[in-house]
Amino acid sequence: MNKILVTGSSGQLGSDLVVALRQHYGMSNVIESGWRIPSHNRSLIYEVLDVTDRTQLQKLIEHYQIDTIYHLAGVLSAKGEQHPDRCWDVNINGLRNILEVAKAFKLQVFFPSSIAVFGPHTPKLNTPQITVEDPATLYGITKVAGELLCHYYAQRQVDVRSLRLPGIISYSAPPGGGTTDFAVEIFHAALQTGTYTCFVRPETRLPMMYISDAIRAILDIMQADAAAIKIRSSYNIAAVSFSVAELVAEIQKHLPHFTCDYAPDFRQAIADSWPSVIDDSKARADWGWQHQYNLAAIVEEMLAKVDVRSEEPGVERQEIGALR
Ligand code: SER
């Protein structure tokens with residue numbers, strides 16, 4: 001039976017993943033956790049957990065008899081540049097604690113890596129599974145090390161599985177300080193004010209994925225036969241790639257008066273260091289990955305589902321903006 005712990009559960013991925021996990025494995029079998037209780041806490045089973053504290057983590061695993069961890073706690077690319085110590089501590093020491101505990105208690109682990117493992121010398125088009133990894137951000141460095149840690153522990157009987165996620169587009173919870181956040185913010189702005197100031201240039205083209213595809217990818221890789229998971233560092237995974245200008249044009253098909261202007265900040269350099277199109281043929285061949293949402297479908301669903309009535313200005317956005 002699956003008894004699941006989700007770290008960083010109130011973040012952009014966790015908010016939707018927890019719902020899907022509860023549907024699959026039952027309400028009481030999914031324990032949410034985070035470093036603080038979220039203001040909009042909707043969970044009956046939520047534990048405050050600092051993943052850098054191995055003793056606390058171990059107690060929680062024992063208490064709930066956890067057998068699977070979705071380790072989503074992490075500091076993203078833009079925030080990581082502003083809080084480097086925290087980024088290192090959470091992303092490196094937090095992951096190592098998870099893997100050590102997984103080894104001791106024979107747990108299965110999911111670890112989200114990122115396109116941020118790539119850098120300026122990585123081929124930008126059809127980025128291969130195995131290629132140059134020279135990340136330009138501290139976040140990217142922690143994800144490269146994280147992948148190596150996953151591979152290392154997999155050699156020591158830990159069933160750890162990982163995906164190099166692209167920018168995730170979702171409506172339930174805001175993204176938490178990444179470079180791809182513009183692709184979410186733009187929908188809120190389009191519906192709220194009809195105009196958006198984007199922090200990267202219009203020609204910036206990045207790999208992106210709709211949240212439903214991302215959740216399915218995570219569930220699929222975790223449910224696949226262990227023998228099918230041939231890559232134990234992290235799989236390239238992709239859905240769509242589009243430029244900001246193409247995203248704006250697609251939104252304008254629904255909202256013709258929507259306008260976007262551009263004020264690139266430090267996140268432009270981060271975006272420029274990442275690939276545009278990822279080759280995910282290994283994930284497709286090994287465990288049958290297939291995406292469903294293209295740009296048109298993403299835009300249609302986001303415009304229908306983003307709920308601007310209940311919104312206040314995004315805290316994350318203000319925080320990043322203030323430190324530009
Ligand atoms: N969406 C992430 C970020 O922007 C990429 O892993 O940091």
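The basis for the numbers below is simple: all heavy atoms, side chains too, and nothing from hydrogens, waters or symmetry mates. Every number for a ligand or one of its atoms is a count from 1 in the order of the listing.
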Over 12 foreign heavy atoms within 6.0 Å of NZ, K124: yes
Which ligand 1 atoms are under 4.0 Å away from a heavy-atom of [X]?
X: S77; value: 3 (C), 4 (O), 7 (O)
X: S114; value: 5 (C), 6 (O)
X: Y139; value: 6 (O), 7 (O)
X: T179; value: 3 (C), 4 (O), 7 (O)

Kindly say whether [Y] contributes a backbone atom to a donor-acceptor pair with the side chain of [X] at under 3.5 angstrom?
X: K106; Y: V158; value: no
X: R22; Y: V30; value: yes
X: D134; Y: H121; value: yes

Does the pair D213/R216 count as a salt bridge with the N-to-O cut at 4.0 Å? yes
Report yes if D181 has an N/O atom closer than 3.5 Å to an N/O atom of ligand 1; otherwise report no. no
Applying a 4.0 Å heavy-atom criterion (strictly less than), which segment of A116 is in contact with ligand 1: side chain, backbone, both, or neither? neither
Which part of W274 is near ligand 1, with near meaning a heavy atom under 4.0 Å away: side chain, backbone, both or neither? side chain
So how far is it from S276 OG to F242 CZ, rounded to the nearest 0.5 Å? 12.0 Å
Can you pull out the closest protein heavy atom to atom 2 (C) of ligand 1? Residue, atom name and distance to 0.1 Å, please. T180 OG1, 3.9 Å
